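Only one structure is covered here, and it is reproduced in the block below.
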Amino acid sequence: PVAVERKVEENGIVHDANPALVTVTPAAAETIEVETKVQPGSLLIVRNEGTAVATVGGANCAASKVTTLMWDGNAYAELATSDIA
């Protein structure tokens, strides 16, 4: 599958593609809501280029890291975290 880039809007992110990529840049801890329109097993890859934690769909995404999340049908589960190269 080809990853589709999504942007954070006023109300958060729409996760409607698998996998979906999103870049966030919080300077202070931030909570980003996710409107989930995918089936269980779908991936959301969060690139946090900021200096603070971003809570995306209830999952903490560390600063200066890429966090791969999977929608399990009930919540986002963290699968992996890697350093931004």
Side-chain angles (χ1 to χ4, degrees):
V2 176
V4 177
E5 189 167 340
R6 293 293 180 244
K7 299 206 181 289
V8 178
E9 304 291 337
E10 293 176 16
N11 298 331
I13 303 165
V14 176
H15 185 191
D16 60 355
N18 181 36
L21 301 170
V22 64
T23 299
V24 298
T25 56
E30 183 176 354
T31 298
I32 299 170
E33 298 298 322
V34 178
E35 181 180 351
T36 306
K37 296 183 173 185
V38 291
Q39 66 184 11
S42 297
L43 302 177
L44 179 60
I45 303 165
V46 181
R47 182 181 176 93
N48 184 345
E49 295 179 350
T51 56
V53 171
T55 302
V56 179
N60 287 337
C61 300
S64 301
K65 301 280 184 183
V66 176
T67 304
T68 303
L69 305 174
M70 181 185 71
W71 175 248
D72 70 4
N74 187 51
Y76 283 94
E78 181 182 323
L79 296 180
T81 301
S82 60
D83 292 327
I84 293 178

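Fair warning: this is a prediction, and the values are worked out from it, not measured in the lab.
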Expected list for residues 21-32: side-chain donor-acceptor pairs under 3.5 angstrom, two or more places apart:
none

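- Under the rule for a side chain to side chain donor-acceptor pair (under 3.5 Å), Thr67 has no partner lying at least two apart in sequence or in another chain.
- Scored by the side chain to side chain donor-acceptor pair (under 3.5 Å) test, Glu9 finds no partners at all (sequence neighbours excluded).
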Can you give each donor-acceptor pair under 3.5 Å made by side-chain atoms of residues 41-54, sequence neighbours left out, with the distance rounded to 0.1 Å?
residue	atom	partner	partner atom	Å
Ser42	OG	Gln39	O	2.8
Arg47	NE	Glu49	OE2	2.6
Asn48	OD1	Gly50	N	2.8
Asn48	ND2	Ala52	O	3.0
Asn48	ND2	Cys61	O	3.0
Asn48	ND2	Ala62	O	3.3

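- In this structure, CG on Leu79 lies 5.5 Å from CE on Met70, to the nearest 0.5 angstrom.
- In this structure, the side chain to side chain donor-acceptor pair (under 3.5 Å) partners of Asn60, at least two apart in sequence or on a different chain, are Thr55.
- Across Glu33, Lys37, Lys7, a single residue satisfies side chain to side chain contact (heavy atoms under 4.5 Å, CB included) together with Val14, and that is Lys37.
- Residue pairs that meet the side chain to side chain donor-acceptor pair (under 3.5 Å) test with at least one member in residues 76-85, sequence neighbours left out, are His15-Tyr76, Thr36-Tyr76, Lys65-Asp83, Glu78-Thr81.
- Each of Val66 and Leu69 belongs to its own hydrophobic cluster when Ile, Leu, Val, Met, Phe, Trp and Tyr are linked at side-chain heavy-atom distances under 4.5 angstrom.
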